Amino acid sequence: MPSDGRDGGDGVEPRLPEWGHERLAEIDRLREDGVEPYARSFRGRTPLGEIARTYAGLETDQKAEDSHCCRVAGRVMSRREHGKAAFLTLRDGWDDLQVYAKIDTLGEVSFGRFKSLNVGDIIGCEGHVFRTRRGELTVFVESWTILTKSLRPLPEKWHGLHDRETRYRQRYVDLIANPEVARQLQGRGRLVSGMRRYLEDLGFVEVETPILQPLPGGALARPFMTHHNALDTELYMRIAPELYLKRLLVGGFDRIFEIGKSFRNEGISLIHNPEFTMMELYWAYVDYNAIMELVENMIPALSEEVTGSTEIMVGETKIDLKPPWPRRTVDSLLREYLDLSLEGMRADQQQAKQVLRERKVDVENRDTFAMLVDKALKHVVWPALVQPTFAIDYPLELSPLSKSRADDSLLVERFQAIIAGREMGNAFSELNDPMDQRRRFEEQARNREAGDEEAHVVDEDFLRALEYGMPPAGGLGIGIDRLAMLLLGVDSIRDVILFPQLRPEH
RNA sequence: GCGCCCGUAGCUUAGCUGGUAGAGCAGGGGACUCUUAAUCCCAAGGUCGAAGGUUCGAAUCCUUCCGGGCGCACCA
């Protein structure tokens with residue numbers, strides 16, 4: 001395509017449809033008049049929200065006495081022109097404020113430019129605050145300047161942007177068009193910073209461990225693989241930080257936590273994104289009972305911080321997060337909801353499969369005892385647990401990294417926190433017996449050879465660390481995205497992730 | 001991965017059992033000095049997700065592909 005002279009002769013011209021050329025022409029026009037359409041700064045501005053708060057008491061038709069030097073800046077969200085006067089609605093962040101300009105004050109040139117602004121442009125204004133006859137708090141513009149010219153039209157002001165694909169792909173537009181999305185995502189931020197503060201107040205220290213790992217471990221999941229050129233070695237994106245955090249327990253840290261991304265190469269759904277944020281913590285010299293107390297106190301405190309209440313609504317149901325939460329053994333839950341016992345399931349898997357099939361749970365002939373228990377919990381027991389509940393004492397086969405119970409070597413000291421039928425945390429007394437850990441790894445290795453791609457791999461360096469001696473400890477993992485969904489009352493994980501994973505655009 | 005649904009202008013959309021696309025907002029021109037979905041007048045804007053097929057004729061029917069949404073499965 002030949003240039004039509006609007007690109008300044010350097011051949012740089014955004015590929016824009018017809019409506020874009022008008023705006024490029026306007027940019028040239030501004031530059032010819034010595035006005036830079038992409039400014040460097042606009043100092044000394046007052047945020048629009050602050051103006052609204054400061055002058056909330058200002059009466060209709062009244063002019064603020066003290067605001068001669070008021071400077072405001074923001075994106076033009078809408079325009080209402082009146083010939084020799086014009087109103088614009090400005091937005092900075094997620095606060096709106098109206099500004100008003102007329103030709104008498106600005107003069108013909110400046111007012112002409114003011115009228116030629118587009119929705120989407122970013123401007124700075126200086127003037128005084130007043131309240132219009134209709135009662136709207138407004139800045140009367142005495143002078144103004146363009147800060148950034150927008151080349152693309154914003155979504156429609158009344159219907160907004162609904163197309164989910166565009167919303168996720170161009171989140172920057174979504175955030176402008178749907179301010180409630182921004183509020184929600186800010187809620188997630190408050191959750192994370194609240195959790196940090198809560199744990200630091202308890203004496204936990206935040207650490208960062210490798211995301212690129214030579215062996216993926218700490219969870220049962222399929223990893224992403226990558227390659228380091230200089231080292232010429234395969235690396236995996238971590239599926240959990242667990243094994244590195246425990247190495248730190250060996251090294252002497254006694255209360256640590258990490259908040260960061262983990263990656264699992266699995267399906268995408270309403271509750272799964274390939275990269276997700278986990279908080280894991282490890283606390284030396286305590287067992288899973290202390291972790292339960294921490295969880296049942298921390299979650300309501302965070303809810304209070306994010307939503308202002310320790311009660312949340314999930315659909316029509318009110319959920320009370322206040323402690324204490326009941327502790328229920330997996331065995332008692334299976335007995336209550338399926339009339340099955342762990343012992344019975346282990347002894348007669350055919351009968352267990354029969355019972356599960358009657359409950360419309362999809363079981364396969366090759367399902368092991370551990371898989372059957374897992375399915376029974378996920379599909380039958382969890383949906384029945386609405387109020388916060390700790391499910392405790394899992395069969396050993398499900399948990400290759402947790403410590404077994406002193407009174408029953410087939411059970412491990414592990415719990416999951418269940419709220420509104422969803423898993424909101426997974427914790428256990430950490431296995432610190434290196435010989436036992438080696439046996440568990442070897443068992444997993446056999447599963448792996450039998451075709452279970454998610455079985456844990458043997459991590460010799462981790463075993464070496466345990467051989468130096470890891471203090472007894474409790475550990476916890478919480479999926480931040482899912483906790484944010486619960487507290488913010490959203491159904492899709494994409495609504496708590498700024499840039500959810502989508503197929504690449506063409 | 002499998003099943004169901006969707007894709008029309010920058011955005012929100014109309015378009016019936018096939019007759020070759022219509023609007024609102026945004027953008028352009030004009031009128032209007034307290035409006036707020038401002039109003040009024042004028043003009044412009046579409047390879048109807050893509051490619052094949054059926055047909056005299058396809059946005060519409062069929063097939064495949066691309067992208068998305070929602071269920072199911074795996075996982076947190």
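Proteins come first, then strands; the chains are lettered A, B, ... in the order of their sequence lines, and each starts at number 1. Because the structure is a prediction, the values reported are computed rather than measured.
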Item to check | Check: Thr132(A) side chain, rU35(B) base, donor-acceptor under 3.5 Å | outcome: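 Answer is yes: a donor-acceptor pair is held.
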Where each residue is assigned the nucleotide of RNA chain B containing its nearest heavy atom, which of Ala85(A) and Gly479(A) is assigned the position nearer the 5′ end?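 So the residue in question is Ala85(A).
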- Select from Arg134(A) and Asp163(A) the residue whose nearest nucleotide in RNA chain B is closer to the 5' end of that strand.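 Checking each residue's closest nucleotide, the 5'-ward one belongs to Asp163(A).
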Using the 3.5 Å cut-off, write out each protein N or O paired with an N or O of nucleotides 38-42 of chain B and the distance between them.
unit_1: rA38(B); atom_1: OP1; unit_2: Lys157(A); atom_2: NZ; d: 2.3
unit_1: rA38(B); atom_1: N7; unit_2: Glu81(A); atom_2: O; d: 3.2
unit_1: rA38(B); atom_1: N6; unit_2: Glu81(A); atom_2: O; d: 2.2

Could you tell me how far [M] sits from [N] if I compare only their [atom1] atoms? Round to whole Å.
N       : M       : atom1 : result
rG7(B)  : rU60(B) : P     : 11 Å
rG30(B) : rA23(B) : C1'   : 22 Å
rC5(B)  : rA43(B) : C1'   : 39 Å
rC25(B) : rC42(B) : P     : 13 Å
rG22(B) : rC16(B) : P     : 13 Å
rG67(B) : rC48(B) : C1'   : 16 Å
rA9(B)  : rG28(B) : C1'   : 15 Å
rU64(B) : rC4(B)  : P     : 11 Å

Just to be sure I understand the rule, does [X] reach a base, reach only the sugar-phosphate, or reach nothing, if contact means heavy atoms closer than 4.0 Å?
X         : answer
Lys375(A) : sugar-phosphate
Asn273(A) : base
Glu136(A) : base
Glu454(A) : sugar-phosphate
Gly477(A) : nothing
Ile478(A) : nothing

Worksheet entry | Where Leu137(A) and Ala52(A) come nearest, the two heavy atoms and their spacing |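 Looks like CD2-CA, 3.7 Å.
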Would [X] and [Y] count as having a side-chain donor-acceptor pair, cut-off 3.5 Å?
X         : Y         : result
Arg414(A) : Ser429(A) : no
Arg80(A)  : Thr89(A)  : yes
Ser402(A) : Glu413(A) : no

So, applying side chain to side chain donor-acceptor pair (under 3.5 Å) with Thr209(A), which one of Glu258(A), Glu242(A), Glu280(A) is it?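 Result for side chain to side chain donor-acceptor pair (under 3.5 Å) with Thr209(A): Glu258(A).
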| request: Kindly write out the residues that satisfy ring pair (Phe, Tyr, Trp, His ring centres under 6.0 Å) with Phe462(A), not counting sequence neighbours, or none if the list is empty. | output: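 Checked Phe462(A) against ring pair (Phe, Tyr, Trp, His ring centres under 6.0 Å); zero matches.
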With sequence neighbours left out, what residues match Phe140(A) under ring pair (Phe, Tyr, Trp, His ring centres under 6.0 Å)?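 For Phe140(A), the residues satisfying ring pair (Phe, Tyr, Trp, His ring centres under 6.0 Å) (neighbours in sequence not counted) are Tyr100(A), His128(A).
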Strictly below 4.0 Å: does Arg152(A) bring a side-chain N or O up to OP1 or OP2 of rG10(B)?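 Checking rG10(B) against Arg152(A), no side-chain N or O comes under 4.0 Å of OP1 or OP2.
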rG68(B) OP1/OP2 closer than 4.0 Å to side-chain N/O of Arg169(A):
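So the side-chain polar atoms of Arg169(A) do come within 4.0 Å of the phosphate oxygens OP1 or OP2 of rG68(B), strictly under.
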Selection from [options] that lies nearest to any side-chain heavy atom of [X]:
X         : options                   : result
Phe87(A)  : rC34(B), rA73(B), rG68(B) : rC34(B)
Glu22(A)  : rU12(B), rG27(B), rA73(B) : rG27(B)
Glu156(A) : rG67(B), rU35(B), rC11(B) : rC11(B)
Arg494(A) : rC74(B), rG10(B), rC70(B) : rC70(B)

Can you list, by residue number, the residues of residues 111-118 of chain A that have a non-hydrogen atom closer than 4.0 angstrom to RNA chain B?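 Of all residues in residues 111-118 of chain A, the ones placing a heavy atom under 4.0 Å from RNA chain B are Lys115(A), Asn118(A).
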(Q) Rounding to an integer number of Å, can you tell me how far Glu26(A) CD sits from rG28(B) P? (A)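 Rounding to the nearest Å, CD of Glu26(A) and P of rG28(B) are 8 Å apart.
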Might you list the N or O atoms of the protein lying below 3.5 Å from N or O atoms in nucleotides 3-6 of chain B, with each pair's distance?
none

Under 3.5 Å donor-acceptor pairs involving side-chain atoms of residues 384-395 of chain A, not counting sequence neighbours:
unit_1: Gln387(A); atom_1: OE1; unit_2: Asp320(A); atom_2: N; d: 3.0
unit_1: Gln387(A); atom_1: NE2; unit_2: Lys318(A); atom_2: O; d: 2.9
unit_1: Thr389(A); atom_1: OG1; unit_2: Gln387(A); atom_2: O; d: 2.9
unit_1: Asp393(A); atom_1: OD1; unit_2: Tyr288(A); atom_2: OH; d: 2.6
unit_1: Asp393(A); atom_1: OD1; unit_2: Arg405(A); atom_2: NH1; d: 3.4
unit_1: Asp393(A); atom_1: OD2; unit_2: Arg405(A); atom_2: NH1; d: 3.0
unit_1: Tyr394(A); atom_1: OH; unit_2: Gln416(A); atom_2: OE1; d: 2.8

